[in-house]
Amino acid sequence: MVAEDSFISLRGITKVYGEGATAFQALKGVDLDVAQGDFVAVMGPSGSGKSTAMNIIGCLDVPTSGTFRFKGFPVETLDRDQRALLRRKYLGFVFQGFNLLARTSALENVELPLLYRGDPKAERRETAMNALDKVGLKEWWDHTPAELSGGQQQRVAIARALVTNPDVLLADEPTGNLDSERSVEIMELLAALNREAGITVLMVTHEPDMASFARTIVHFKDGLVDRIEQGNGAKAVTP
Amino acid sequence: MLGTTFLLALRSILRHKLRSFLTTLGIIIGVAAVVTMVTLGKATTAAVQQQIAALGTNILQVRPGQGFGRGGGGPRPPDFEPADVTAIQQQVTGVTAVAPQAQSTATAIYEGANWSTTINGTTSAYFVVQPWPLTAGRLFTPAEEGAGKAVCIIGSTVAKNLFRNVEPIGKRFRIGDISCDVIGLLSTRGQAGFGGDQDDVVIMPLKTVQRRFTGSTDVRMILVGVDQAYSTAQVTSTLTDLLRDRRHLTGGKPDDFNIFDTKQISDTLTSTTTMLTQIVAAVAGISLVVGGIGIMNIMLVSVTERTREIGIRLAIGAVASEVLMQFLVEAVVLSCLGGVIGLLIAQLVIGVLTPVMQVPWTFDPQINAFAFLISGVIGVVFGYFPARRAASLNPIDALRHE
Ligand SMILES: Nc1ncnc2c1ncn2[C@@H]1O[C@H](COP(=O)(O)OP(=O)(O)OP(=O)(O)O)[C@@H](O)[C@H]1O
Ligand SMILES: [Mg+2]
């Protein structure tokens, strides 16, 4: 079941916050493999290290020890800017708090990653519009976050994450700030992106209902992977 | 890449219009102050030089008495003698021409029009010492000078008030007790700045004035033209020695005459106004630096306030140098915008102040370009520190920032 040349592979990952007496070990040697095209839900009690692990997988942070290969890149050896370029090229992020730029239209928010990629203006507009269309917000392109509902804001954030056609979409509690109806909509959107565009999705959630959309469910406990089980997503597609 | 950064900076500036304006206020005021001060200072210097040039350059005015003030009691020092004039001409080197002057005032009358004016008796050397072109007519002939004929050359103010619309050349009018023929009309010189209206004058041969008005052969003032090749200071010194000798001033006795050197006064006034301009510009320059610190302050606040935004940009894949450039360009664009607004305000203030100060309106491209450049440099210098702080943020911490 665990492939040797995994798409994402963590081996003996530890993370220590702080130093000396106040040092705290958030991860205690995580081994985890994620196959390309998987939809992974990460669950576990608060403080079990889910976000810490996600930040490492998202190349936003580096482990204290252990090895992390992403598409074969030894990420723990890369510097700040190299990791930034990795994120720019292969990763998309969705956060619990949406994290859209205030006073900036939905379209401009979605355009942002393309700006850093250096796309010309006309192309940028079109790509961003297409992404907004995918999340069903084409008509809302000129609205600022303040003029959008929570669910709509999260969908703009998803459009921004997928506008660069990333390999992996990382979502830390994407439905944490939404009611259950909106949450289901977001989950269906993520599941569809995974199914139709083949984007690998890693998602942290506290709600079993949301986790059930995933193909694989990884349980964290005390800074370690506790157990891995199959989700409903897997049953839905594998007959 | 830079184009995109510029676009991002402009977007961010326009998104916070009021804050941007307040940030750049220091630069606006600083640039406006520097440009206004330097431009007005230069205009004043030019105006002073122009006024002194109207008196004639390279001219020494020799008068009896000590300087402008009558100074102390005692008997009034004697006027000069005609022999003094000849002596100066013959014994002082570096002199182009010497024009003695006798002065009086009288009322001129022509067909019912009255005009009280100054009479200036002199020789044709007067027009060599300080070129003063005629608009019509001619100068005195040696014969007229020698005989003390009643002929005169009149200034434009006299012509206007006495003759109104009549052509004055060839007309005869009464002045004091005599009748006088107008042979020449002087061009307009305008106000001297000090000394009143130079065009309100009737010039006659020296002998005529001495005989018919002052009643003595005394000379009230001597104008000495100095050759360009000689320094006025050098000529002044020889002249002083000669006059002291002729007026029998020995030992420690002070001069009882004064020599007014227009060139020296012009130089002194020019250097004074230039220095004042520099001091005022320096003070205004300090406000530019204060403006720069203002930009740094607001940019630092802005970095803190926009920590989350920076986190988002970093997460999306911005590299450190891109974030640095964004904030740096933002600071530079902001300060340059302030510079442009400051320049416009300066032109406005200069436009309003020049007529009030009675100096000519000028546009000095050098100081404008310089002030604009400085505003850009301030943006770079004071924008760098906040920009580097923004670029060095940790993306996770930045995203978590409230
Ligand atoms: N920057 C940090 N400095 C110090 N300790 C930290 C830091 N980030 C996380 N921790 C600690 O590491 C542990 C794991 O945190 P993490 O955020 O990964 O938990 P989590 O599983 O995501 O929890 P939750 O479900 O509440 O989000 C927690 O005890 C937390 O207090
Ligand atoms: Mg968490």
Side-chain angles (χ1 to χ4, degrees), chain A residues 15 17 26 51-52 54-56 58-62 78-105 107-121 124 144-145 156-157 160-164 166 170-172, chain B residues 1-21 23 298 301-330 333 387-402:
Chain A
K15 180 74 190 179
Y17 287 116
S51 294
T52 305
M54 284 292 269
N55 288 339
I56 289 171
C59 304
L60 288 165
D61 207 353
V62 280
L78 302 181
D79 70 17
R80 217 178 114 98
D81 281 353
Q82 287 171 320
R83 279 184 280 123
L85 293 174
L86 216 59
R87 292 198 293 274
R88 179 185 298 191
K89 198 149 186 216
Y90 301 115
L91 302 175
F93 291 90
V94 177
F95 307 95
Q96 179 177 0
F98 318 139
N99 278 336
L100 298 174
L101 295 190
R103 273 174 285 190
T104 306
S105 75
L107 185 70
E108 280 176 350
N109 263 294
V110 176
E111 267 182 0
L112 203 58
L114 303 175
L115 261 164
Y116 285 110
R117 207 167 69 174
D119 286 12
K121 191 182 166 102
R124 211 162 62 211
T144 63
V156 173
R160 183 182 64 191
L162 59 85
V163 74
T164 53
L170 294 139
D172 196 344
Chain B
M1 159 68 195
L2 204 66
T4 310
T5 317
F6 185 78
L7 191 87
L8 284 175
L10 215 58
R11 268 191 198 169
S12 163
I13 288 169
L14 293 177
R15 215 169 279 143
H16 308 273
K17 286 190 190 73
L18 182 64
R19 190 181 71 186
S20 304
F21 172 72
T23 306
I298 304 280
V301 171
S302 170
V303 167
T304 312
E305 204 180 87
R306 289 157 69 189
T307 301
R308 195 184 263 267
E309 174 196 325
I310 295 163
I312 295 168
R313 291 180 187 279
L314 289 170
I316 278 170
V319 296
S321 63
E322 284 166 336
V323 174
L324 183 114
M325 277 309 274
Q326 184 197 335
F327 278 82
L328 199 56
V329 167
E330 209 173 303
V333 168
R388 221 194 45 186
R389 171 177 282 197
S392 64
L393 284 176
N394 174 319
I396 301 165
D397 294 341
L399 276 172
R400 218 181 267 146
H401 186 89
E402 270 318 310

Contacts of type side-chain contact (heavy atoms from CB on, under 4.5 Å), residue B:A390, not counting sequence neighbours: B:V303, B:I310, B:V323, B:F327
Interatomic distance, B:L399 atom CG to A:N55 atom CG [nearest 0.5 angstrom]: 8.5 Å
Options B:P395, B:A318, B:A320, ranked by heavy-atom pairs under 4.5 Å with chain A, top entry: B:A318
Heavy-atom proximity to chain A below 4.5 Å, by part of B:S12: neither
Inter-residue atom distance B:D397.CG - A:D61.CG, 0.5 Å rounding: 8.5 Å
Among the listed options A:T164, A:L100, A:T104, the residue most often paired with chain B at heavy-atom distances under 4.5 Å: A:T104
Proximity breakdown for A:R80 and chain B, heavy-atom pairs closer than 4.5 Å: side chain
Side chain / backbone / both / neither for B:A391 at chain A, heavy atoms under 4.5 Å: backbone
Least distance between heavy atoms, B:E309 atom then A:L101 atom: CG-CD2, 3.3 Å
B:R313 side-chain N/O to A:L112 backbone N/O, donor-acceptor pair under 3.5 Å: no
All side chain to side chain donor-acceptor pair (under 3.5 Å) counterparts of B:T23, not counting sequence neighbours: none
Proximity of residues 89-99 of chain A to chain B, residues having a non-hydrogen atom under 4.5 angstrom: A:F93, A:F95, A:N99
Chain B contact via A:A102 - side chain, backbone, both or neither, heavy atoms under 4.5 Å: backbone
Any A:R160 side-chain heavy atom under 4.5 Å of B:I312 side chain: yes
Region of A:R83 in contact with chain B, defined by heavy-atom distances below 4.5 Å: neither
Contact list for residues 7-19 of chain B, test salt bridge (Lys or Arg N to Asp or Glu O under 4.0 Å), sequence neighbours left out: A:E108-B:R11, A:E108-B:R15, A:E111-B:R11, B:R19-B:E305
Which atom of A:A84 lies closest to which atom of B:V319, heavy atoms considered: CB-CG1, 3.8 Å
Contact winner vs chain B - A:K121, A:R103, A:R117, heavy-atom pairs under 4.5 Å: A:R103
